[in-house]
Amino acid sequence: MTLLVLISVVMMAVDHRQQHLQGMRATLSVLLYPLQLLVDAPFAFSRYTQSTLSLQRNLIAENSLLKQQQLLNAVKLQQFDALAEENRRLRTLLQSTRKRWIRVMIAEPMAIDFDPSQKKILLNKGSRDGLFRGQPVIDAHGIVGQLTDLSPFTSSAILITDPNHSIPVRINRNGLHTIALGTGDATELEIAHITNSADIRAGDLLVSSGLDQRFPAGYPVAIVTRVIKNLTRQYAQVKAEPTALLENAQEFLLVWHDGESADDPSSHDLTFPAQTQLIEDR
Amino acid sequence: MPFFSRTTLFIFLSFMLAIMLTMIPLPVWAQPYRPEWVALVLFYWSMHQPERVGVISGWSVGLLLDVVRGTLLGQYALILALIAYFTVRFAIRLRNYHPLRQMFILLFMVIFIRLESLWVHGIIGVPLESDLYFWIAALVTMLLWPWLQIILRDIERKLDLS
């Protein structure tokens, strides 16, 4: 009994500080995978029936909506092409050869709940699909989080709202660098170390700065909702709301990107898993 | 007594079901009310089958629960092993208690699960918010106890397990 208590305490300490227990966690989650599949099955089934048994007029409506969106996106992309070209010209003027590319793989969340103290999601792709620890996860609206635990078939991602998580960001309007901390509240991030005199106001978009060399730079993270300047304190209290759908998203993108390296993706010696797509080269 | 008897199999299945119930997604408002299914089942088995279910089973199930819940490996293992220890130790006495009294003992056990999670989070530097909702799961678990006892005992009798 005492031995087991001791083992548990030591394991908690090791699990908190080091990565030695990753293998054990992965092995145990393989054992639990059938259970997770079983729990997820009714939800997967309802998703499946929803997609196969929808009415034709709903499909037509959805189709026309998607076409409109596609048109709008295409118009935006025209501008984007011109901007990318201009960017390239400016880069050559600066004699910088940096190229950015990202590769993505689509993953779906499994309907599994974690402990309420953890802001995590379980994805249906794992180390078998070539994912790695610390890999960034994004959705259609912004940065979601990063992968923490991998097993062959599943992986769990910690969200940016988890109190254990923080991400370096910059204000899109003026480039001010700061850090966004999770609070445990699904709709709130705390922005750290903003001085009372700093130029930040509600409505500012925070994008990832890429200084961590883990998240790709320039992706939306959150929008500032509240700035409370209090001269009796050293820093202002700043709250922001994540732009990504986080727990409510139906699809997530797992990202491979070049970080700070100046490599060309074609000459890159990395090998990517088969299901990935190159989506950007700017 | 063979190791893989029908009883062992049934105990195993009930634990698996408890783990699945713990994983099932609930809407956000209902999450604080989620009972501690595994502790509930463990309490039953270590009371009624103390020679089969004890500290080791409690610890192993706790470890699985840690993986499922994403908590630090050992957090649930530790507390479930302790719960199993005390239940097995006083199994005969507990079995003869009035269900109401068993309910209150279970209430204290679940409160201890919550307390331990508070301690662990405090030690690793991520304090939890412990408002009233944080403790309500203990009450829900307690109220489920009589029903679980009736159901499991009925199945035990139907299957004629010893």
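As the structure is a prediction and not an experimental result, all values here were calculated from the model. Every chain is numbered from 1, with letters handed out A, B, ... down the list of sequences. Just the heavy atoms: all of them, side chains too, but no hydrogens, waters or symmetry mates, feed the values below.
With chain B as the partner, the residue from A/V5, A/I112, A/L28, A/L4 showing the most heavy-atom pairs under 4.5 Å is A/L4. In terms of heavy-atom pairs under 4.5 Å with chain A, the best-connected choice from B/L63, B/T22, B/I19, B/I56 is B/L63. No other option in A/M12, A/M24, A/R17, A/Q36 has as many heavy-atom pairs under 4.5 Å with chain B as A/M12. Chain A forms more heavy-atom pairs under 4.5 Å with one residue of B/A81, B/P25, B/G74 than with any other, namely B/P25. Among B/V55, B/V67, B/L73, B/L65, the residue with the largest count of heavy-atom pairs under 4.5 Å with chain A is B/L73.
Classification of A/R25 and B/D66 as a salt-bridged pair fails, no side-chain N sitting under 4.0 Å from a carboxylate O. For the pair A/K120 and A/D149, the salt-bridge criterion is met [side-chain N within less than 4.0 Å of a carboxylate O]. The pair A/D185-A/K119 fails the salt-bridge criterion, with no side-chain N (NZ, NE, NH1 or NH2) lying under 4.0 Å from an Asp/Glu carboxylate O.
Within the 4.5 angstrom heavy-atom criterion, no atom of A/I158 approaches chain B. Heavy atoms of B/L82 lying under 4.5 Å from chain A belong to its backbone as well as its side chain. Of the atoms belonging to A/E247, not a single heavy atom falls under 4.5 Å from chain B. Both the backbone and the side chain of B/L26 have a heavy atom closer than 4.5 Å to some heavy atom of chain A. If you measure heavy-atom distances from A/S156 to chain B, you find no contacts under 4.5 Å at all.
One side chain, B/Q31 or A/D113, offers a donor N or O that lies under 3.5 Å from an acceptor on the other. B/Y44 and B/Q102 are not linked by any side-chain donor-acceptor pair at a separation below 3.5 angstrom, with hydrogens and angles left out of the test. Between B/S60 and B/S57, the side chains place no donor N or O within less than 3.5 Å of an acceptor N or O (distance only, hydrogens not considered). In this structure, a donor-acceptor pair under 3.5 Å is absent between the side chains of A/T49 and A/S46.
Interface with chain A: from residues 107-121 of chain B, residues B/E116, B/V120, B/H121 qualify, criterion being any non-hydrogen pair under 4.5 Å.
Annotation: cation-pi pair B/R101/B/F104 absent, no NZ/CZ under 6.0 Å from the ring centroid and within 45° of its normal.
Ring geometry for A/F153 against A/Y33 counts as parallel: the plane angle stays under 30°, on a 0 to 90° scale with 60° as the upper cut.
Remark: side-chain polar atoms of B/T87 are not paired, donor with acceptor, to backbone N or O of B/S46 under 3.5 angstrom.
A side chain to side chain donor-acceptor pair (under 3.5 Å) with A/Q146 is found for one member of A/Q135, A/R133, A/H165 and no other, namely A/H165.
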